[in-house]
Protein chains: 2
Amino acid sequence: MPLDTSDSELLAVRAAELYYEENKTQDEIGAILRITRWKVGRLLAQARERGIIRIEIVHPRARRLGLERDLAARFGLTDAVVVPAPLDDVELQSRVAEAAADYLVSMRPVPRLLGLSWGRTLHQVAESLPVGWSTGVNVVQLNGGVSLSKRPGTAAATATMIAQKAGGEATLLPTPAILERLETKRAIEGDRTVGGVIQLARTAHAYLFSAGPADTSSVHVDSGYLTADDIARLVERGAVGDVLGRYITADGEIADPELDARTLGLGLDELRAAKRSILAVGGESKHAVARAIVTHGLCSVLVTDEHTARFLLGRDIDADPLTDDTDPTAPREDTP
Amino acid sequence: MPLDTSDSELLAVRAAELYYEENKTQDEIGAILRITRWKVGRLLAQARERGIIRIEIVHPRARRLGLERDLAARFGLTDAVVVPAPLDDVELQSRVAEAAADYLVSMRPVPRLLGLSWGRTLHQVAESLPVGWSTGVNVVQLNGGVSLSKRPGTAAATATMIAQKAGGEATLLPTPAILERLETKRAIEGDRTVGGVIQLARTAHAYLFSAGPADTSSVHVDSGYLTADDIARLVERGAVGDVLGRYITADGEIADPELDARTLGLGLDELRAAKRSILAVGGESKHAVARAIVTHGLCSVLVTDEHTARFLLGRDIDADPLTDDTDPTAPREDTP
DNA sequence: TGGCGCGTTGCTCACATGAGCAACGGTCGC
DNA sequence: GCGACCGTTGCTCATGTGAGCAACGCGCCA
């Protein structure tokens, strides 16, 4: 039992109880504890510092502003959105998606043309967006997304849903994500319609995309573009995951240039050059690819979960959430 | 997704984050969220009401003032002390003991003579008391406590330790708790010394006692006064536990008058008549006996844990700790 | 169309609170 | 024993905040 602290600490606890649980004024507390109201104020300040008083915001849409600030500062992001991690992994995905949807809704200036990738996460974003989330926002797909096997058309559905809900038009890229032969890819690319879509994608005001892990749970394996063997080969080459269907290494480089050449859609450099590129990614399996993306400037806005955020910042699971330096030296833009 | 609430609720969450995590002023938050500062204040009030903002005092010596107030009101107690329940049961015991010690220290007017029972809990109370916790407080034992088997002398040690630490004298009752034969008990009681101690006990300014469950974990079984069979018989007669060595039923009556007649020490009626009788009891096994005591006026001050408190109030484990009606219609005495 | 009632909004004002400052008291080295 | 120093205390004052109130908009029904 720490004797030196117990004096003021116990008093601080009593003061905190009376202040926060009993809604008494500091003056009243002073009268009860027989100390001056200024001392009460100081005790409360101490209690807050020492973490005796824990204030938590319990809500599915809550965010972690401290982590957001840290992420933005560390990786030079325009913005970051961090949602508290729920226990459930499925819940986590949908919270990230919801947060991304919120971000889209409140984004200013409103992007007249939104470039869109596809995948599980983005489909959830589309579902989370309210009807009429904006007016006249058009959508263009950034990479091919005709599914070869299960769930045909989700890529197209995602894009059209987002556009529809904002009263806009969706321009689809109705091609495979990865072609078997380079010639085929070049030929399709050369097609005026397809070429036009990619050209249009380059003019988008904002990009919204996700990322996939380099493992067999990847949507590319699901869709039949890649086999488990292909993934294993990519991992050998250092791939950590994919962005717009392009597999990258931890260094942010293309893992397999040959494969990449057969991948249809916007290139990584074009993504990197974009002013507003929003990455929505959550879950432990995507930590590595998320790190590759943020450390190499492939996104300007990051929407993610608390665990991923801590991973990216180097302080893993633990780290007291209360020890967030509320130092206003790094003021950020408002993101209401 | 609740659409009607999301408007103000989401806004409230954002406001709460900025207010509690970022230490922004309501005015600043208003500027960020583009609402007036009054609306911010109202949103925060709403968030607090709805339990979106959870404020918790994380400290071993923390207390639950809301429950204390409720207990005092419900059972007509002079005072109540409720400590938050830790996961560990051993920890719980020592927290209750610590709280009882705190209560003793700050009790006003200082009792010049303190009547004392004995047991595991009270021994911990004695240990928790700081040296010099008061000046010149004498202690008198309330019931016999010579252990027949293990841990001889703890009863005496408890009393002397409490007295010593306050620079006072301890008057012991060096007799068995329960006698085998009624005649023996009467004979001992008739002894001038023993009779004098009991007489002295009747003049104590305050009583501090605990309670034991009516099961084989009872200190009476440990000490060899009762056998497991005895306990079983008592339970059959409706016993829920013991106070000052006397087993009582849920109705607050003596479970076995014959046994009780052989039990040495202060009687229950004398305890009930006392102005300041402090019961320190914690743990699930003692819920029943605690209820018997508080519902039948056998104590005027209750020191216990959160679970027991909720049990006594009828709202078991659950019950949102934030939904404590902070209605100041039942003002209580100060217990700094 | 015009009252009526209800919830919401922006305001005034009084009170609660935190920052900053001077005075105090205890401790240490000389 | 004496003065410098550091942490603590009680204060002033500016700012932050909540209660209470009038005005407003809105839906409802006559």
Side-chain angles (χ1 to χ4, degrees), chain A residues 2-57 65-66 132 322-329 331 334 336, chain B residues 2-57 65-66 132 322-329 331 334 336:
Chain A
L3 275 175
D4 48 347
T5 61
S6 67
D7 256 11
S8 73
E9 192 162 306
L10 190 53
L11 218 49
V13 171
R14 297 282 159 267
E17 285 161 351
L18 292 164
Y19 192 74
Y20 288 104
E21 294 187 1
E22 301 288 292
N23 296 317
K24 295 211 182 294
T25 144
Q26 296 188 1
D27 223 352
E28 291 176 293
I29 297 169
I32 292 171
L33 301 180
R34 292 158 204 290
I35 50 182
T36 61
R37 68 187 183 82
W38 297 284
K39 178 137 196 176
V40 175
R42 284 177 185 126
L43 285 171
L44 288 172
Q46 262 182 38
R48 262 173 256 135
E49 268 171 42
R50 298 206 203 179
I52 290 174
I53 295 159
R54 178 158 299 164
I55 299 178
E56 204 184 343
I57 292 154
L65 303 183
L322 295 165
T323 322
D324 80 82
D325 42 326
T326 322
D327 178 22
T329 45
D334 313 339
Chain B
L3 274 174
D4 48 346
T5 62
S6 67
D7 257 12
S8 72
E9 192 162 306
L10 191 52
L11 217 49
V13 171
R14 297 282 159 265
E17 285 161 351
L18 292 165
Y19 192 74
Y20 287 104
E21 295 186 2
E22 303 287 292
N23 295 318
K24 294 211 184 296
T25 148
Q26 298 188 2
D27 222 354
E28 291 176 293
I29 297 169
I32 292 171
L33 301 180
R34 291 156 206 290
I35 50 182
T36 61
R37 71 188 183 82
W38 297 285
K39 178 138 196 175
V40 174
R42 284 177 185 127
L43 285 171
L44 288 173
Q46 262 181 38
R48 262 173 256 136
E49 267 172 41
R50 299 205 204 182
I52 290 173
I53 295 160
R54 177 158 301 166
I55 298 178
E56 203 183 343
I57 292 155
L65 303 184
L322 295 164
T323 320
D324 82 81
D325 43 324
T326 322
D327 179 22
T329 44
D334 312 339

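Below, chain A is the first sequence line, B the second, and so on; all start at residue 1. Worth knowing before you read on, the calculation uses all heavy atoms, side chains too, and leaves out hydrogens, waters and symmetry mates.
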D/dC11 P sits how many Å from A/Ile35 CD1, rounded? 14 Å
If I take atom CD1 from residue B/Ile32 and atom CD from residue B/Glu22, how far apart are they, to the nearest 0.5 angstrom? 8.5 Å
Length of the line joining B/Leu43:CG and C/dG7:P, which is rounded to integer Å: 18 Å
Approximate separation, where rounding is to 0.5 Å, of A/Gln26 CD and A/Leu44 CG: 5.5 Å
Among the nucleotides C/dG10, D/dG10, C/dA16, which one has an atom lying closest to any side-chain atom of B/Arg42? C/dG10
Would you please confirm or rule out a distance under 4.0 Å between OP1 or OP2 of D/dG18 and any side-chain N or O of B/Gln26? yes
For the pair made of CD1 in B/Ile29 and C1' in D/dT17, what is the distance, rounded to whole Å? 12 Å
Is there side-chain contact between B/Leu43 and B/Ile29, with heavy atoms separated by less than 4.5 Å? no
May I have the distance from B/Leu44 (atom CG) to D/dG18 (atom P), rounded to whole angstrom? 7 Å
Determine: side-chain N/O of B/Tyr19 to OP1/OP2 of D/dG16, distance under 4.0 Å, yes or no. no
What is the minimum heavy-atom distance between B/Arg48 and B/Tyr20, and which atoms define it? NE-OH, 3.0 Å
Between B/Thr36 and C/dG10, does any side-chain N or O lie under 4.0 Å from OP1 or OP2? yes
Would you compute the distance between atom CG of B/Leu65 and atom CD of A/Glu21 and round it to the nearest 0.5 angstrom? 5.5 Å
Between A/Arg48 and C/dG18, is there a contact of a side-chain N or O with OP1 or OP2 at under 4.0 Å? yes
Rounded to the nearest angstrom, tell me the gap between atom NZ in B/Lys39 and atom P in D/dA19. 17 Å
Integer-rounded Å distance: C/dT17 P and B/Asn23 CG: 16 Å
Could you tell me how far apart A/Arg34 (CZ) and D/dG10 (P) are, to the nearest whole angstrom? 15 Å
Atom CZ of A/Arg37 to atom P of C/dA19: distance rounded to whole Å? 13 Å
Is any side-chain N or O of A/Thr25 closer than 4.0 Å to OP1 or OP2 of C/dC15? no
Please determine, for the side chain of A/Trp38, which listed nucleotide (C/dC13, D/dT9, C/dA19) has the closest atom? C/dA19
